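Structure record follows, encoded as structure tokens.
Worth saying up front: this structure is predicted, and the values here are computed from it rather than measured. Both counts, for ligands and for their atoms, begin at 1 and track the order of listing.
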Amino acid sequence: MTAQLIDGKAIAAQVRAEVAARAAKRNAEGKPKPTLATVLVGDRADSAAYVSSKQKACAELGMGSLNQSLPADISQAELEKLIASLNADKSVHGILVQLPLPSHLNEERVLQLIGVEKDVDGFSPINIGRLAQRGREPLFVPCTPAGCVYLLDKSGVQIEGAHAVVLGRSNIVGMPAALLMMARNATVTVCHSRTQDLPALVKQADILIVAIGNAEFVRGDWIKPGAAVIDVGINSKPDATKKSGYRLVGDVNFDEAKEVAGCITPVPGGVGPMTIAMLMQNTLRAAEIQDA
Ligand code: GUN
């Protein structure tokens, strides 16, 4: 192993401790508890697990949460009514609609309804639009990409002037990660399923952010020696040596990449823990903004 391991679990724990301390100080000053409302539509097991981890984190950090679990066949109008009531509720500081929504619902219209000051996911068109434009400041930045940048900064990786290659262009990770890298003055290449000669482009990356949902897709010999590798993927891979019968792997072949990269996030324990830490930070900030 030549790469420095980026310990997302430890870095996320530091962020969470800072958020907990700030939340405790607020509570001691008699200010309202930063409170996150989560909206879960339908019964996808992965979405339910993510939402319950977010709620657990709120409790652990001395923040409030409330969950609205809605049936998969809820109408667009009913969902919109709920968002409007959460926008109006002064005891709610952040609103998170877990994605993906069932296909009959219009995600764009739902996200557009979330008040900018409560948009702790950073997915509303105003926050994303501000992220995309020079000289504008979004109130909130999407949590997983923000976690990627936080890990790079904590690891001493120079972003300005670096060539950042982002694999994946999803609204949740790839696209905002590319915008964030651009805002930090990196030169950015975004690759996706139709990109030609991917290995040659990856080889140019000083910073490689991978979010494509394809187990161990990026091979070690694609990576530029010394590059910073941020692996957002979480995939389960059959493994007979494990009691569960599987193990988690990223989108990067870790065993190969760790011999070439300068620093690299493991899976699990890399980017994963950062998403919730950033969400907690955003929720606290939402409460601070709404105090003013
Ligand atoms: N689904 C997968 N990741 C996320 C996320 O960060 N926020 C929301 N709202 N839904 C998601």
Side-chain angles (χ1 to χ4, degrees), residues 8 12 15-16 35-58 65-70 72 74 79-80 82-83 86-87 92-103 105-116 118-128 131 138-151 166 168-180 209-214 230-236 248 250-251 267-268 270-283 285-286:
V15 172
R16 288 166 66 119
T35 297
L36 174 69
T38 53
V39 178
L40 175 65
V41 183
D43 45 19
R44 278 179 66 119
D46 58 346
S47 291
Y50 287 134
V51 164
S52 96
S53 310
K54 290 166 186 177
Q55 299 230 320
K56 188 165 155 248
C58 285
S65 70
L66 61 103
N67 182 42
Q68 301 279 354
S69 281
L70 308 169
I74 190 169
L79 181 55
E80 289 185 7
L82 171 67
I83 303 295
L86 293 172
N87 276 335
V92 167
H93 302 99
I95 302 172
L96 178 142
V97 177
Q98 187 65 28
L99 302 176
L101 290 171
S103 57
L105 294 168
N106 183 329
E107 176 191 300
E108 184 182 359
R109 267 183 33 212
V110 171
L111 296 178
Q112 182 178 313
L113 275 179
I114 297 173
V116 182
K118 297 193 179 188
D119 175 35
V120 286
D121 248 338
F123 292 156
S124 86
I126 292 183
N127 277 319
I128 284 287
L131 181 61
L139 274 180
F140 301 104
V141 169
C143 302
T144 303
C148 295
V149 174
Y150 197 93
L151 291 177
V166 179
R169 54 178 164 176
S170 69
N171 288 339
I172 293 178
V173 184
M175 177 269 291
L179 293 175
L180 266 173
I209 299 178
V210 190
I212 51 172
N214 199 337
I230 305 292
D231 188 352
V232 184
I234 302 178
N235 313 284
S236 57
L248 295 178
D251 291 347
V267 176
V271 176
M274 293 305 295
T275 298
I276 293 185
M278 294 293 113
L279 175 65
M280 297 299 106
Q281 206 174 56
N282 281 353
T283 303
R285 265 220 2 270

Quiz item: Is there a donor-acceptor contact under 3.5 Å from the side chain of N282 to the main chain of F140?
Solution: no
Practice problem: Check whether any side-chain heavy atom of K54 sits under 4.5 Å from a side-chain heavy atom of L279, and report yes or no. | Solution: yes
Practice problem: Measure the distance from atom 10 (N) of ligand 1 to every protein heavy atom, then report the residue, atom name and distance (to 0.1 Å) of the closest one. | Solution: L99 N, 3.0 Å
Quiz prompt | Shortest heavy-atom approach to atom 7 (N) of ligand 1 - which of I95, D121, I172 | solution = D121
Quiz item: Nearest to atom 11 (C) of ligand 1, what protein heavy atom do you find, and at what distance?
Solution: Q98 NE2, 3.4 Å
Exercise. Using distance alone, decide if ligand 1 has a nitrogen or oxygen within less than 3.5 Å of any nitrogen or oxygen in V97.
Key: yes
Quiz item: Is the count of non-hydrogen atoms from other residues, nucleotides or ligands lying under 6.0 Å from D46 atom CG greater than 12?
Solution: yes
Practice problem: Please work out whether any backbone atom (N, CA, C, O) or any side-chain heavy atom from C-beta onward of F123 is under 4.0 Å from ligand 1, and answer side chain, backbone, both or neither. | Solution: side chain
Quiz prompt | Residue I126 excluded, over 12 heavy atoms near CD1 under 6.0 Å | solution = no
Practice problem: Could you tell me whether a side-chain N or O of N127 sits under 3.5 Å from a main-chain N or O of L131, the two making a donor and an acceptor? | Solution: no
